[in-house]
2 protein chains.
Amino acid sequence: MPVTMREVALAANVSIQTVSNVVNERPIVADDTRLRVLSTMQRLGYQPNALAQSLRANRAQTIGLVFARSERRTFVRKPYLNELLSGFADATRDTDYSLLMHSGADDDPAPTIRQLYQRRRIDAVILVGVLQADPVIQQVVASAVPTVVIDLPVQGDDVAGVRADYRAGAAAAVRYLIERGHTAIGYLGGTLDVYSGLERRLGYWETMTAHGLRSVEVSGGWSREDGCLGMMHLLEQHPNLTAVFAAADPMAVGALEAARAAGRHVPDDLAVVGFNDLELAALVTPALTTVHVPVYELGIRAAELLLDRLSTGHFTDTDIILPTHLVIRRSA
Amino acid sequence: MPVTMREVALAANVSIQTVSNVVNERPIVADDTRLRVLSTMQRLGYQPNALAQSLRANRAQTIGLVFARSERRTFVRKPYLNELLSGFADATRDTDYSLLMHSGADDDPAPTIRQLYQRRRIDAVILVGVLQADPVIQQVVASAVPTVVIDLPVQGDDVAGVRADYRAGAAAAVRYLIERGHTAIGYLGGTLDVYSGLERRLGYWETMTAHGLRSVEVSGGWSREDGCLGMMHLLEQHPNLTAVFAAADPMAVGALEAARAAGRHVPDDLAVVGFNDLELAALVTPALTTVHVPVYELGIRAAELLLDRLSTGHFTDTDIILPTHLVIRRSA
DNA sequence: CTGAAAGCGCTAACAA
DNA sequence: TTGTTAGCGCTTTCAG
């Protein structure tokens with residue numbers, strides 16, 4: 001049923017090799033021959049068999065998208081991922097690489113990656129959702145599969161990281177609050193196993209310290225509920241707080257609720273700043289002042305970096321850091 | 001560098017064929033031979049080359065994920081997609097099929113699909129984001145590529161649809177409002193080119209008509225802004241409305257804003273119901289009463305249906321319709 | 001139950 | 001410039 005090179009060759013009265021040369025645009029084919037072959041291909045609806053090409057070249061022309069164990073379940077549902085995928089997709093659009101989303105039976109991504117690679121299904125990997133201390137990273141580095149890790153500083157011949165400047169973003173948020181006259185600024189932190197979370201916390205702490213202010217932190221999860229509970233806790237323990245910086249937008253939304261429940265008016269009685277600039281941030285009332293993270297660009301850069309590595313054989317950059325910026329809305 | 005069957009055969013002192021038989025778990029190999037081969041494979045770290053297997057079998061073991069032209073740009077960013085992808089991923093997890101997200105250079109998905117298929121990169125397609133009257137569907141049907149289309153009723157030997165019962169969902173929402181005593185219920189519709197949008201509108205209209213009530217509709221886009229503008233318009237033209245049913249959650253959020261701006265208190269002065277039950281719905285104030293759509297299950301069922309078609313050669317079902325249900329929160 | 005040979009569709013080498 | 005030969009790694013005949 002499918003048309004092969006042999007059939008094109010037969011129909012065009014040339015050898016298979018000549019067809020191959022035409023397909024691969026090798027400039028050693030006579031013009032009239034080339035045109036004849038091209039029109040025959042067209043006529044027969046010939047498409048080269050990518051499987052055969054890949055087997056021959058020993059390249060799958062495919063980049064694997066892998067989600068780390070720690071977040072496999074929930075990560076795929078985060079809005080963050082949409083932007084990231086858009087970036088990957090757009091960056092690979094005009095290349096002849098495809099994106100493979102393999103959700104292996106295995107719960108540990110390292111063996112999955114190694115297997116996909118050894119089985120020649122993928123040439124490289126973009127790894128998403130890895131926690132700070134995850135041993136996966138060591139294994140991935142050891143496996144020598146060209147890899148770009150999102151939101152983690154890693155370096156090596158085969159591994160590079162792409163992330164945003166979370167620390168500077170947090171610092172900018174806190175500086176803004178300080179400039180607006182706030183001195184009692186609390187921090188609603190998430191868990192401490194996420195690299196970007198640690199950086200945000202550090203940005204808060206450094207800026208507070210640099211201005212001689214005392215840090216007041218509470219940690220928990222990343223959800224709205226966590227933000228609500230944390231905020232209640234903060235308001236109770238430190239009623240003099242005039243501002244709160246939340247490590248994530250949903251937490252900030254929770255903080256908004258807790259503040260309302262406590263009879264505090266935002267932003268007048270209490271300023272609230274979030275982080276990430278999710279779509280949600282602009283939709284709540286009052287609209288959230290928050291730190292914008294260029295997630296889509298992160299995706300673009302990650303894919304571009306990997307494509308470059310695949311064509312040149314080495315990483316031109318091993319630690320890309322994109323800038324963040326504060327988006328001022330109504331909540332602070 | 002990579003270990004091949006030949007090397008395993010050599011090391012285990014058997015023929016290549018025997019190794020193949022062991023790999024494919026054919027029960028015609030003597031036990032001791034099989035064990036010897038298995039341990040050799042283990043020792044050498046052998047992994048079969050999927051490319052060679054696929055070339056041989058003429059199957060890519062891959063399902064393509066394709067986004068329709070009309071939404072290519074924006075669709076990928078919708079939260080809807082996350083759930084869907086989770087479903088696809090979970091449903092394929094324990095199979096030996098992978099998911100390919102090819103974002104072809106081409107802006108029209110039909111040629112992209114045909115090409116991927118003819119080039120043997122994919123065995124089947126899940127098509128997302130097709131508009132009601134999109135000619136893509138005809139082409140896909142004609143191309144004979146096994147395909148599942150999300151949110152569109154299509155049938156054929158090679159095409160099946162998977163969708164939710166949007167009409168019943170809308171009807172349930174309107175019935176709920178009527179039961180609560182509302183009779184002047186407006187409809188904030190989105191664009192009329194989306195199948196699920198038409199169904200929602202129909203559900204609204206049918207239910208209103210069945211109760212002898214007059215439909216009041218306004219159409220526009222699907223965004224919060226559109227909802228806000230539409231709501232302002234409705235309140236102006238029909239100040240006696242006591243309830244509004246929005247075709248999508250973001251629109252409902254916009255309606256909430258417009259109502260607030262107009263000095264109407266939700267839900268007391270005005271009831272608002274949304275559609276989709278996005279995460280956002282639970283986060284806004286007041287929390288949205290909305291129609292839940294089982295998007296994750298849609299993804300699961302779509303992938304399962306396609307996998308079944310791939311193994312049996314025919315669709316066991318060509319039009320799967322999952323139920324929706326009303327989630328009652330605060331806004332109505 | 002095991003082994004040898006052929007070929008999936010393509011491309012890299014060489015020869016004509 | 002074009003055609004021939006060999007082989008990528010695997011599986012499917014068919015003899016042994």
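Residue numbering restarts at 1 for every chain, and letters A, B, ... go by the order of the sequence lines.
- Annotation: salt bridge (Lys or Arg N to Asp or Glu O under 4.0 Å) contacts of B/D32 (sequence neighbours excluded): none.
- Expressed to the nearest 0.5 Å, how far CZ of A/F315 lies from CG of A/L310 amounts to 8.0 Å.
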**Request:** Could you encode protein contacts along nucleotides 3-12 of chain C as a string, one character per nucleotide from 5' to 3', using B for base contact, S for sugar-phosphate-only contact and - for no contact, with a heavy-atom cut-off of under 4.0 Å?
**Result:** BB--BBBBBB

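- Per the geometry, CZ belonging to A/R59 stands 17 Å off C1' belonging to D/dG9, to the nearest Å.
- Following rounding to the nearest Å, B/L51 (CG) and D/dG7 (C1') show an atom-to-atom distance of 15 Å.
- Residues passing the salt bridge (Lys or Arg N to Asp or Glu O under 4.0 Å) test with B/D308, sequence neighbours excluded: none.
- Remark: B/T40 OG1 to B/E7 CD distance equals 12.5 Å, nearest 0.5 Å.
- Residues in residues 148-161 of chain A take part in these salt bridge (Lys or Arg N to Asp or Glu O under 4.0 Å) pairs, two or more places apart or across chains: A/D158-A/R309.
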Enumerate donor-acceptor pairs with a distance under 3.5 Å from any side-chain N or O in residues 44-52 of chain B to protein atoms, sequence neighbours excluded.
residue	atom	partner	partner atom	Å
B/N49	OD1	B/L51	N	2.8
B/N49	OD1	B/A52	N	3.1

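- Contact check, B/T33 against C/dT2: a side-chain N or O comes under 4.0 Å of OP1 or OP2.
- For B/I28 and D/dG16, the CD1 to C1' distance is 14 Å, given to the nearest whole Å.
- Under the 3.5 Å distance criterion, the side-chain polar atoms of A/D165 are left unmatched by any main-chain donor or acceptor of A/P323.
- Surrounding CZ of A/R6 are at most 12 heavy atoms belonging to other residues, nucleotides or ligands under 6.0 Å away.
- Paired regions of DNA chain D, where each region holds three or more successive Watson-Crick or G-U pairs whose two hydrogen-bonding distances fall under 3.5 Å, are C:1-14 with D:3-16.
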